[in-house]
Undergrad: 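Structure incoming, see below.
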Number of protein chains: 2
Amino acid sequence: MSDKKISVVIVEDDAQIREGISALIKSANEFSLKGAFAECHSLLAALDNILPDVFLMDISMPGMTGIECAAKIKSIYPAVNIVMLTVYENDSQIFDSLRAGASGYILKNTPLEQILDAIKDVNAGGAPMTPSIAKRVLGFFNETGQKTIEYNLTLREKEILHELVNGLSYKKIAETLFISIDTVRSHIKNIYYKLHVSSKSGAVAKALKDRIF
Amino acid sequence: MSDKKISVVIVEDDAQIREGISALIKSANEFSLKGAFAECHSLLAALDNILPDVFLMDISMPGMTGIECAAKIKSIYPAVNIVMLTVYENDSQIFDSLRAGASGYILKNTPLEQILDAIKDVNAGGAPMTPSIAKRVLGFFNETGQKTIEYNLTLREKEILHELVNGLSYKKIAETLFISIDTVRSHIKNIYYKLHVSSKSGAVAKALKDRIF
DNA sequence: ATGACAATCACATAAATATGTGATTTTTAT
DNA sequence: ATAAAAATCACATATTTATGTGATTGTCAT
């Protein structure tokens, strides 16, 4: 299907792993190895000359972490694909890596053939990750997505809170909802009581932070 | 490794696919099929009796979508695993599914053996998804992470805006930052000008919506 | 039928906020 | 060195908010 080899650069401080994977890539005729580095600085210095299709990047390395390095590479060449390679599945490492622009995240104990699959996946525009990593990512989703705390606001109160979030004054809200300003006041008093706040901005902050909408 | 079969229920309106996968599961001796449904209502009615380890859930079905159905199941049995099965990789479907509590998301054109792998993965606590789906999920990460609109607020202005978001009054801000209330006023005037708002709550809303922090 | 709740309105007042018009002192960049 | 930007403070005043204390009218479930 593919007409040319996928070029790879590996950055990994552990010589054994680095050379193992290097040998693997050299022996597979779908891939070509463009470089193998033990730390980030020498890679960055040589970057312009050896830019590959895909990076395999270790996370914990002396000097500069793979995450920082990935961010640097991405800032210069946004289109390259970077697969992080690590021993730990640690939430903050995963998220920092993803934020740095990594497109894949696999564990070092992954079978070698699957590492090659991951390189192919990422080169095809996919985002390879082990199911356990994916689980962490999804967990993040649910946390932030579900946090819809219920404050037992009535329908009308939610409407009014919504207008507060939109930045309307009491007067404008009264006009919009065709009620008197005193009614607006009354509702807002109750909203404050239920949300445990005592100012418009406090209510707005709570509404947005707790995703009442 | 596993001491008993993984029980599965499939919900899929297309008879051909439903029966194909049913046959596959019945023939594999690591799995047992606890039920196959063509739509959600009959499944929900029977749910208490046939609760499986893993659901395979089609998304587009007449009556109730698989996403709504997944949310219902999760609200009753939060621990069950649900793998969504679909023909489309559509951003909103993916995210709605994940929010509904799905732990996996695979395409119907996935090879049958990989569907079985996905069931095993999800049962083992993983989150199987194809690399292309994973890519979408990651894309979401970068979007929300990067959307830091810049309003050219100065350091001090950001500090003060931050205190506004925390719900402090002018007076409290003045005390917290050891400056006079008139200075606070002055900064807030400038913040309003830069954010194009004219009230505390408007500023707070903008700060949170545009993720200034 | 009746008590609980939701939604509406009124009046009063203290406190906080929004806005204008200045001015002085540091910092920062050219 | 010097102009621009950032941070500080002051005073005045109109508007808006926050809060309390009521009251009336529906709706809804027991």
Side-chain angles (χ1 to χ4, degrees), chain A residues 72 75-76 147-213, chain B residues 72 75-76 147-213:
Chain A
K72 278 230 166 64
S75 72
I76 308 172
K147 218 184 230 168
T148 312
I149 298 168
E150 198 48 69
Y151 288 97
N152 295 315
L153 294 179
T154 69
L155 241 173
R156 202 53 157 170
E157 286 164 358
K158 279 183 191 169
E159 274 178 41
I160 287 176
L161 180 53
H162 196 252
E163 300 303 346
L164 286 185
V165 170
N166 287 339
L168 301 202
S169 65
Y170 288 19
K171 207 204 246 181
K172 283 282 174 201
I173 294 175
E175 286 169 17
T176 304
L177 300 182
F178 305 105
I179 54 180
S180 92
I181 196 170
D182 275 307
T183 305
V184 175
R185 275 192 236 281
S186 171
H187 284 305
I188 288 179
K189 248 181 287 188
N190 295 328
I191 292 170
Y192 288 0
Y193 176 75
K194 289 181 180 177
L195 298 193
H196 304 295
V197 299
S198 57
S199 71
K200 243 172 65 159
S201 51
V204 168
K206 200 141 207 171
L208 289 170
K209 284 179 183 170
D210 292 352
R211 295 190 180 70
I212 290 182
F213 304 112
Chain B
K72 279 230 167 63
S75 71
I76 308 172
K147 215 185 233 170
T148 311
I149 297 170
E150 198 48 69
Y151 288 96
N152 295 316
L153 294 180
T154 68
L155 241 172
R156 201 54 156 169
E157 285 163 358
K158 279 185 192 169
E159 273 179 42
I160 287 176
L161 181 53
H162 196 252
E163 299 303 345
L164 286 185
V165 170
N166 286 339
L168 300 203
S169 66
Y170 288 20
K171 206 205 245 181
K172 282 283 174 200
I173 294 174
E175 285 170 16
T176 304
L177 301 182
F178 304 106
I179 54 181
S180 91
I181 196 169
D182 274 307
T183 304
V184 175
R185 274 192 236 282
S186 172
H187 283 305
I188 287 179
K189 249 182 285 190
N190 295 328
I191 291 170
Y192 287 179
Y193 176 76
K194 289 182 181 178
L195 298 193
H196 306 295
V197 298
S198 57
S199 71
K200 244 173 64 158
S201 51
V204 168
K206 200 142 207 169
L208 288 171
K209 284 180 183 169
D210 293 351
R211 296 187 181 72
I212 291 182
F213 304 110

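Residue numbers start from 1 in every chain, and the chains themselves are labelled A, B, ... in the order their sequence lines are given, proteins ahead of strands.
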Undergrad: Between P on C/dG22 and CG on B/Asn190, what's the gap in Å once rounded to a whole number?
TA: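 So the CG-P distance, B/Asn190 to C/dG22, works out to 16 Å.
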Undergrad: Quick check for you: to the nearest 0.5 Å, what is the distance between B/Ile191 atom CD1 and B/Tyr151 atom OH?
TA: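 The OH atom of B/Tyr151 is 13.0 Å from CD1 of B/Ile191, to the nearest 0.5 Å.
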Undergrad: Find the distance B/Ile173:CD1 to D/dA7:C1' and express it as a whole number of Å.
TA: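 Going from CD1 in B/Ile173 over to C1' in D/dA7 covers 15 Å.
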Undergrad: With a 3.5 Å cut-off and sequence neighbours excluded, list the donor-acceptor pairs that the side chains of residues 166-178 of chain B form with protein atoms.
TA:
unit_1   : atom_1 : unit_2   : atom_2 : d
B/Ser169 : OG     : B/Lys172 : N      : 3.2
B/Thr176 : OG1    : B/Lys172 : O      : 2.7

Undergrad: Calculate, to the nearest 0.5 Å, the distance between atoms CD and CD belonging to A/Glu163 and A/Glu159 respectively.
TA: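 These two atoms lie 7.5 Å from each other.
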Undergrad: Looking at D/dT8, I'd like to know if its phosphate oxygens (OP1 or OP2) sit under 4.0 Å from a side-chain N or O belonging to B/His187.
TA: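 Yes, because at least one side-chain N or O of B/His187 sits under 4.0 Å from OP1 or OP2 of D/dT8.
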Undergrad: Would you compute the distance between atom CG of A/Leu161 and atom CG of A/Leu195 and round it to the nearest 0.5 angstrom?
TA: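 The CG atom of A/Leu195 is 6.0 Å from CG of A/Leu161, to the nearest 0.5 Å.
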Undergrad: Between C/dG20 atom C1' and B/Tyr193 atom OH, what is the distance in whole Å?
TA: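 Distance check: B/Tyr193 OH to C/dG20 C1' gives 15 Å.
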Undergrad: Can you tell me how far P of C/dA7 sits from CD of A/Glu157, to the nearest Å?
TA: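 The distance from CD of A/Glu157 to P of C/dA7 comes to 6 Å, rounded to the nearest Å.
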Undergrad: I'd like a list of close polar pairs between nucleotides 2-5 of chain C and the protein, N/O only, cut-off under 3.5 Å.
TA:
none

Undergrad: So does B/Lys200 get a backbone contact from the side chain of B/Tyr192, meaning a donor-acceptor N/O pair under 3.5 Å?
TA: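 Yes.
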Undergrad: Kindly write out the residues that satisfy side-chain contact (heavy atoms from CB on, under 4.5 Å) with B/Thr154, not counting sequence neighbours, or none if the list is empty.
TA: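 Counting only residues at least two positions away or on another chain, B/Thr154 forms a side-chain contact (heavy atoms from CB on, under 4.5 Å) with B/Arg156, B/Glu157, B/Lys194.
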Undergrad: If you check every side-chain atom of A/Leu155, which of C/dA7, D/dT17, C/dT17 has the closest atom?
TA: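 My answer, after comparing the listed nucleotides, is C/dA7.
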Undergrad: Which residues satisfy the side-chain contact (heavy atoms from CB on, under 4.5 Å) test with A/Thr183, sequence neighbours excluded?
TA: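 A/Thr183 satisfies side-chain contact (heavy atoms from CB on, under 4.5 Å) with A/Ile179, A/Ser180, A/His187 only.
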Undergrad: At a heavy-atom distance below 4.0 Å, what parts of residues 196-204 of chain A sit against DNA chain C?
TA: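 Correct list: empty, so none.
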Undergrad: Does D/dT19 have OP1 or OP2 under 4.0 Å away from a side-chain N or O of A/Tyr192?
TA: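 No, A/Tyr192 has no side-chain N/O under 4.0 Å of OP1/OP2 on D/dT19.
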Undergrad: Could you tell me which residues satisfy salt bridge (Lys or Arg N to Asp or Glu O under 4.0 Å) with A/Lys189, sequence neighbours excluded, listed by chain and number?
TA: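 Residues passing salt bridge (Lys or Arg N to Asp or Glu O under 4.0 Å) with A/Lys189: none at all.
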Undergrad: Could you give the distance from CG (A/Leu164) to OG (B/Ser199), rounded to the nearest 0.5 Å?
TA: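 The OG atom of B/Ser199 is 9.5 Å from CG of A/Leu164, to the nearest 0.5 Å.
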Undergrad: Angle, rounded to 10°, between the helical axes spanning five pairs at each terminus of the helix from C/dA1-D/dT30 to C/dT30-D/dA1?
TA: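 The two end axes of the helix from C/dA1-D/dT30 to C/dT30-D/dA1 meet at 60°.
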Undergrad: D/dA6 C1' sits how many Å from B/Ile191 CD1, rounded?
TA: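 Result: 13 Å.
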Undergrad: Starting at CD1 of A/Ile188 and ending at C1' of D/dT16, how long is that distance when rounded to a whole Å?
TA: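 Computing the A/Ile188:CD1 to D/dT16:C1' distance gives 11 Å.
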Undergrad: Using whole Å, report how far NZ of A/Lys172 lies from P of D/dT15.
TA: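 Taking atom P of D/dT15 as the reference, NZ of A/Lys172 is at 15 Å.
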Undergrad: What pairs with A/Asn190 under side-chain hydrogen bond (donor to acceptor under 3.5 Å, both in side chains), at least two apart in sequence or on another chain?
TA: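 Once residues adjacent in sequence are excluded, A/Asn190 has no partner under the side-chain hydrogen bond (donor to acceptor under 3.5 Å, both in side chains) criterion.
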Undergrad: Less than 4.0 angstrom between a side-chain N/O of A/Tyr170 and OP1 or OP2 of D/dA18, yes or no?
TA: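 Answer yes for this pair, as a side-chain N or O of A/Tyr170 is under 4.0 Å from OP1 or OP2.
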Undergrad: For the pair made of CG in B/Leu161 and P in D/dA7, what is the distance, rounded to whole Å?
TA: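 Distance check: B/Leu161 CG to D/dA7 P gives 13 Å.
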Undergrad: Dump the pairs, protein N or O against N or O of nucleotides 9-12 of chain C, anything under 3.5 Å, distances to one decimal.
TA:
unit_1 : atom_1 : unit_2   : atom_2 : d
C/dC9  : OP2    : A/Ser180 : N      : 2.7
C/dC9  : OP2    : A/Thr183 : OG1    : 2.9
C/dC9  : O5'    : A/Thr183 : OG1    : 3.4
C/dC9  : N4     : A/Ser186 : OG     : 3.4
C/dC11 : N4     : A/Asp182 : OD1    : 3.0

Undergrad: Between B/Ala205 and A/Leu208, what is the shortest heavy-atom contact and its length?
TA: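 Closest approach of B/Ala205 to A/Leu208: CA-CD1, 3.6 Å.
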